[in-house]
Structure formats: C-alpha cells, structure tokens
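What follows is a single structure, written as structure tokens, with notes after it.
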Protein chains: 2
Amino acid sequence: MIEEIKRVARQRLAAEGANLSLRAVARDMGMVSSALYRYFASRDDLLTVLILDGYNALGDAVEAADAAVTDRTRLRARWLSATRAVRDWALANRAEYALLYGSPVPGYAAPQDTIAAAARTPIVLAAILTDGYAAGIVTAAGFRRPASLPAAVQADLSRTRDQIAPGLPEELLHAGLTCWLQLFGVLSFELFGQLNNVIDARAEFFGQQMELMADLMGI
Amino acid sequence: MIEEIKRVARQRLAAEGANLSLRAVARDMGMVSSALYRYFASRDDLLTVLILDGYNALGDAVEAADAAVTDRTRLRARWLSATRAVRDWALANRAEYALLYGSPVPGYAAPQDTIAAAARTPIVLAAILTDGYAAGIVTAAGFRRPASLPAAVQADLSRTRDQIAPGLPEELLHAGLTCWLQLFGVLSFELFGQLNNVIDARAEFFGQQMELMADLMGI
DNA sequence: CACATTAGAGAGCAGTGATCTTGCAAGAGT
DNA sequence: ACTCTTGCAAGATCACTGCTCTCTAATGTG
C-alpha cells in the first residue's frame, strides 16, 4: 500500500510539478484523503520518503553507470558514464530532481537518512579519483594547482575526505568537489530554464563540460 | 500602493520562505485579500513582478560592484568583486534568490521582460572578458583550451556572443560560461543546503572557487 | 464465537487563490 | 451646492488544500 501511494505520488509529481497535493493522490487512488494519514504522518513525511527514494534511485543509476565500465582504470570513461547517468536520471525525473536539488521547503530540515542517501552520488565520483590515485594514474601534482587553500577550507576538505574518500589528498578532493559543483550547476541551469536562449545543444554542451572537468581533474 | 504591496510581499517572502500567500500580504497591510487583485492580476503576477525586481536588484548590485573597481584593466579584481556581490545579494535575499534560481513553478513561463533583466548579471561578467580582450590583456590562446567544441555548441555560443558580448571569441565566451555556471553552482549548493556537512567555511570556499575560475579564464 | 486490530469513510476546521457583487467616498462637472 | 461618475475596498462565496477527529466495516486471531 505504501508503495502504491508512492507510485501514484511520483506520477502525480511528474505530471503536476513540485507542489504535491495529498488529496489529489488520494483521489487518484479512489480513496479519501484522510486514509493516507494511516500510512504517512503528514505531507512532508511523504515528501521526505520520496526525496529519500529519489536520492537512492539516482545513486543506483550512477553506481550502475560507473560499474558498467569494466576496465576500472579508465577513469575518464567512468566519470563520463557516471555524470551522464546523473543527467539522464534528472531529465527522466525532472520533478524529483527539483525536489532534491531545487529550492528547499522553508521549514523543512533533511533527516539524517537523507544525507546518507544523498552522499551516494558524490561517493561514486570520489571513488573514481580514489581508485585512480591508488593505482597511481592520477597524482596530486597532475592537475593545475589551485591558488592556496584557506586553512578553514583545508580543514573542511580533510574532514570530508575522511568521510567519503579516505586516503585521497585534499588537492584531489578539491578538484573533484569543483567538478561535482560544476556538474550540478550545469544540470540545474538546464533543468530550471536558465539555459534557455543561451544553449540549445544541451546534451553536447553537457558532455563537453564534463570532458572539460575530466581535464581539470587530470583523468 | 503597488510599491507598498511589493515591499510587504518581499519581507513576507524573507520571513516565511518561498510559498508566498496573498492573504498574508493583505493581512499585513490591514486589507482584505480581494483588494490586492486591483493591483495584481494574480498571485503569479505578483511573483513575476518580484522576480523581475529581483533580477534587477541583483543586476544593480553586480554592476555597482564591477564599477567600483576604478582601474578597468584589473580584470581579476572586477571578477572577484562582481561575483562576491552576487553571493552577498543572494545571502541577503535568500528567498528571492530561490525564486530566481531555484526550481521553477510548474506551469510558469518567464515573460520576455524577465529574460532581459536576468541577462544583466551575465552581461557584466561577459563585459569583463570583452574589455580584457579588447585591451589585449586576455587572449583566446591564454587559457587552457577545452576539448574541441561540438558544432552545435559552437553555433549556440556564436549566437549568444552576438547577443551579450559582441566581438568576443567563442573560446573565451565558453570559458566565461563555464565560470558563470560554476558561480551559480556553488551558490545554489550553499543556499539550498547541499554543502551542509561538507564545507563550513562558506565565504572562504566561495572566494577560493572564484579565484580558481579567474585562473581558468586567464584573467 | 468473541475479541482486537486495522482500513477506510465522512464531517469538519482553518487556511488558500480567485471571482463577483455591493457599498462607500472622493473628485469632477455643471 | 448639488449631482454623478469613477476608483477602491469590503464581503460573500467557490473550490481547493493539509490535517484531525470520530465512527463504521472488514479482517484476522485466540
């Protein structure tokens, strides 16, 4: 039953957009709205579950795309495959993408579960660098060195490194972080309409940007 | 009167978040909700006006920050000043930033007015490159050449160049576009909570990223 | 068979955007 | 000074929203 509600809610989300209506979901299911409260404590609760599912669905897609490159030393191919998977998933699930990476709901604070699920995608990307570093393919000296990192940023990177990419030099993590931001920057602009009248060849542009980021990471 | 409504709506937006309520605005003004319909055709109409104002306020701030650098040949200083202004404005007007650069409302299509206002900020950034190119400070060969651009992307860049940065080589515009995306990628992640538990030293990180982008553009 | 649990229905509350009609008050014209 | 027009806001109303409450019907389980 919970699965059925989520299924209907998802397609409702895809059809109508971000503002999901509990009553509409109930109507689609031939139920009365109050009945849904037996399965979800509130609308926000349902949204949270959808967000969690979204992060996991995206994580699955990205992990699969990365794993599809059998030669694990082809770091660039892994990066391009994984980032392409992010874009494909986002295009196929625009409303859910907006839920995950768009403007947050005002009073809403992400529970601990979601941040773990949300970390899956960056972990895949970081793993590409970690593998490359472990195999000696990519080195901390191999890419253009950024201007000296402020100490506070260095500390953040160090902490984050220990959490998601143990053993990776901070400089490499920093490069990866930059590319991660670029990835979602491009994607958000594309999906949120900011690229309208600027770039029409979306897929080509995205691919080219990811190539550029691969260059930046030195993979 | 229209100005008063917008003023109240803005502070309501800042206090409550994205989901602006017409009735709440009316209540704050000691009016009844229907009275607002004399000044705005609908809630979306009011939001559109706020969005337009937002783009213009941001444009004002960015233009002023760029103009504050008296030596126009100090391209890097102009870039850092302008991008810093974007961040400052965004932090001071979080809800409005979300309105401009967050998930769009489903059925909503931006009128022509807004795209002109929205272009002001990228135009300032492009002007930095255009000025530098005209003065011979920055050259198309001066930055790391991206992998060959697909023809369709090249065409988009050419068209965009003619609109906002006449005379600029496509390669330079491409570099600028990349940095523009990075700018808003970093900012959106910061404001939308995606950087929580990853980077705490926000200002330092942002500044460092913009330095890196300046390197990428070769300014 | 009796009991306990569960699923859903229905009414109702307070809030929302939007429309339409009504009333009021100031300003203009004679 | 008296009308009359016009501009503006109030009020009622509709359909919708999230949510709570109570009540009934079905479904096992001992």
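Below, chain A is the first sequence line, B the second, and so on; all start at residue 1.
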[X] [atom1] to [N] [atom2], straight-line distance once rounded to whole Å:
X      : N       : atom1 : atom2 : answer
R43(A) : dT16(C) : CZ    : C1'   : 13 Å
M31(B) : dC8(D)  : CE    : P     : 10 Å
R27(B) : dG15(C) : CZ    : P     : 7 Å
E16(B) : dG15(C) : CD    : P     : 13 Å
Y39(A) : dT20(D) : OH    : C1'   : 18 Å
L20(B) : dG17(C) : CG    : C1'   : 12 Å
L36(B) : dG17(C) : CG    : P     : 10 Å
M29(A) : dA9(C)  : CE    : C1'   : 15 Å

Contact check, side chains of S158(A) and R161(A), non-hydrogen atoms, under 4.5 Å: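 In short, these two side chains touch, coming nearer than 4.5 Å.
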
Side chains of L212(B) and H174(A) in contact at under 4.5 Å (non-hydrogen atoms): yes

Within the structure shown, what part of the strands sits under 4.0 Å from [X] by heavy-atom distance: base, sugar-phosphate, or nothing?
X      : result
S42(B) : sugar-phosphate
R23(B) : base
F40(A) : nothing
S33(A) : base

Ignoring backbone atoms, establish whether [X] has a side-chain N or O less than 4.0 Å from OP1 or OP2 of [N].
X      : N       : value
Y37(A) : dG8(C)  : no
R38(B) : dC20(C) : no
S34(A) : dA9(C)  : no

Considering all heavy atoms, the nearest L100(B)-G54(B) contact: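 So the minimum-distance heavy-atom pair works out to CD1-C, 3.8 Å.
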
Closest non-hydrogen atom pair, G102(B) against S103(A):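 What the structure gives for the nearest pair is CA-OG, 3.3 Å.
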
Plane angle bin for W180(B) and F184(B) - parallel if under 30°, tilted between 30 and 60°, otherwise perpendicular: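 Correct class here is perpendicular.
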
